[in-house]
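Note sheet for the following structure.
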Protein chains: 2
Amino acid sequence: MQQNKLRTVIVDDHPIVIEGLKNLLKNESNIELIGGFQNGADIMSYLELERVDLILLDITLPDVNGMDLCLKIKKKYRSVIVLILSNRTERSIVVQTIQNGASGYLLKNSSLDELRRCIAEAVKGGICYSKEVTEILSRPSRNELLAAPRLTKREKQILELIAQGKTSQAIGEELFLSPLTIDTHRKNLLQKFQVKNVAELIMSANQQNLF
Amino acid sequence: MQQNKLRTVIVDDHPIVIEGLKNLLKNESNIELIGGFQNGADIMSYLELERVDLILLDITLPDVNGMDLCLKIKKKYRSVIVLILSNRTERSIVVQTIQNGASGYLLKNSSLDELRRCIAEAVKGGICYSKEVTEILSRPSRNELLAAPRLTKREKQILELIAQGKTSQAIGEELFLSPLTIDTHRKNLLQKFQVKNVAELIMSANQQNLF
DNA sequence: TTTTTTCTACTGGTTTTTAGGTATTTTTCG
DNA sequence: CGAAAAATACCTAAAAACCAGTAGAAAAAA
């Protein structure tokens, strides 16, 4: 029940997104759009000059990380409401931004309704996620379920060589080891990754950014 | 020099981006925006009904890969101009879309000027990249020098199943084919990728964002 | 200094892949 | 329609990977 409109700014490195949001929000009765910025530095200096109530903030920015920026803003201007509007779906990012004081997290494919709902919730002091984000938060994210196996030095080294298409024979020669030893490491790698063969092994290692 | 406006559609999974583009383009004299779609299926069925001159296409879509969609569109409607508007900066993706018939590739943080310039160029039959994309293309990133091989439908399908760790036997059963046939496809895949075994195959396919 | 982990190497056997082909049928496209 | 591309299937044989164990030596951790 506030009589004054929320003085709102958008921070996103894509001019197209800024335009889109301006368009989507210009008919909202409780929102007054007062600016759009493409990087962290610009919004920080703007905050020195003007009062801002609500910031729609992207995670991916050219100069600073959106998570860090959120923390910086909240530290300096406690009363500003920060809503994250991002494409990033990593659980860790969502959690971190909320810890950094954000009042919500929406994916960019959220509907206008969701955005409205989250703004309303944030104004009341709550925290609000878009539907998909709730899902991300609820399931303990596959990446964390299949714990990345702890590999020994040797195993990492041999995994690399396997990925280069080398046979146990060739790897043995390269490392001055018996090919039978390499076979053992191979076996252990398959076991640790819980896969049946190298095809799956390499896929899994790739998904866990091991290369 | 055309008297009629370009009948233009936007395909992007983010409603916000669609809105933004609509806004940015609505004052363009040679463009008539006739639709916005959030997935591949919708635009394909729309194309059945209406004449479209220009498609602004995102790579990341919920149902299909934008690269494949581009190829599909160009195959069926040769005269449609497809401009890619994406956030993905991988060289392989840019190269692949151009090979698939796109007339240009812009990052989403391109300016309106760049977009205008690319549309003009595309209408003349040329190919146009935004500034940053040109940079991406100019540095030949070591392991992507090798042109991404053109795979047939079957080959893609079998590559997927190999990546899931399935044996020729199992794949044969799944597709109701002789395992010997799968072996042939396997052999062809290795040849096309110029690799010696599946380990290298999966690595290569991963580097080329085929999954 | 124990204890545990890692690295090494082996036996023996099975399954799968890879490397050369060839060849027919089916689809697609000009 | 005719040609080219794709998909199908086969042969032979070698090479490599995978499975299920065991086990001693070296290195690291408790």
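In the text below, chain A, chain B and the rest are named by the order of the sequence lines, each starting its count at 1.
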### Message
Taking any heavy-atom pair under 4.0 Å as a contact, classify A/Lys187: base, sugar-phosphate, or nothing.
### Response
base
### Message
Test of understanding: with side chain to side chain donor-acceptor pair (under 3.5 Å), list the residues that count as partners of A/Asp58, not counting sequence neighbours.
### Response
A/Lys108
### Query
Tell me, which pairs form a side chain to side chain donor-acceptor pair (under 3.5 Å) where one or both residues lie in residues 165-181 of chain A, sequence neighbours left out?
A/Gln164-A/Lys166, A/Lys166-A/Glu174, A/Ser168-A/Asp183, A/Ser168-A/Arg186
### Summary
Here the distance between atom P of D/dA7 and atom CD of B/Gln157, to the nearest Å, is 9 Å
### C/dT8 OP1/OP2 closer than 4.0 Å to side-chain N/O of A/His185
yes
### Message
Could you check whether any side-chain N or O of A/Asp63 sits under 3.5 Å from a backbone N or O of A/Ala41, counting only pairs where one atom can act as donor and the other as acceptor?
### Response
yes
### Query
Quick one: is A/Thr181 getting a side-chain N or O under 4.0 Å of the C/dA9 phosphate, OP1 or OP2?
yes
### Query
In chain order, what residues pass the side chain to side chain donor-acceptor pair (under 3.5 Å) check against A/Lys26, with sequence neighbours excluded?
A/Asn23
### Message
Once you apply a heavy-atom cut-off of 4.0 Å, does A/Thr184 come out as touching a base, just sugar-phosphate, or nothing?
### Response
base
### Results of side chain to side chain donor-acceptor pair (under 3.5 Å) for A/Lys196 - residues two or more places apart only
A/Glu200
## Note on the structure
So CG of A/Asn39 and CG of A/Asp12: to nearest 0.5 Å the spacing works out to 11.5 Å
### Task
Find the distance A/Arg154:CZ to C/dA9:P and express it as a whole number of Å.
9 Å
### Task
Measure from CZ on A/Phe193 to C1' on D/dC18 and round the result to the nearest Å.
17 Å
### Task
Would you kindly give the CG-to-C1' distance between A/Leu201 and C/dT16, to the nearest whole Å?
16 Å
### Task
Looking at every strand, decide which applies to B/Asn197 at a 4.0 Å heavy-atom threshold: base, sugar-phosphate, or nothing.
sugar-phosphate
### Query
Which of residues 172-180 of chain B sit near DNA chain C, with a heavy atom under 4.0 Å from it?
none
### Query
Any donor and acceptor pair, going by atom type alone, linking the side chain of B/Ser110 with main-chain N or O of B/Leu107 inside 3.5 Å?
yes
### Message
Between B/Gln38 and B/Pro62, is there a side-chain heavy-atom distance shorter than 4.5 Å?
### Response
no
### Task
May I ask you to verify if any side-chain N or O of A/Thr152 is less than 4.0 angstrom from the OP1 or OP2 atom of C/dT5?
no
### Task
Could you tell me the separation between the CD atom of A/Gln191 and the P atom of D/dA20, rounded to a whole number of Å?
9 Å
#### Entry: DNA chain C: 5'-proximal contact among B/Lys75 and B/Ser168 (nearest heavy atom)
B/Ser168
### Task
Can you tell me the distance, in whole Å, between the CG atom of B/Asp183 and the C1' atom of D/dA9?
11 Å
### The single option from B/Leu25, B/Ile31, B/Val17 passing side chain to side chain contact (heavy atoms under 4.5 Å, CB included) against B/Leu56
B/Leu25
### B/Arg150 CZ to D/dA5 C1', straight-line distance once rounded to whole Å
10 Å
### Task
Return the value, rounded to whole Å, for the distance between atom CZ of A/Arg186 and atom P of C/dT17.
13 Å
### Query
Is A/Thr167 touching bases, backbone alone, or none of the nucleic acid, heavy atoms closer than 4.0 Å?
sugar-phosphate
### Query
Using rotation axes that map the C1' atoms of four end pairs onto the next four (five pairs an end), what angle separates the end axes of the helix from C/dT1-D/dA30 to C/dG30-D/dC1, to 10°?
70°
### Task
Assess whether atom NZ of A/Lys74 is packed by more than 12 heavy atoms of other residues, nucleotides or ligands within 6.0 Å.
yes
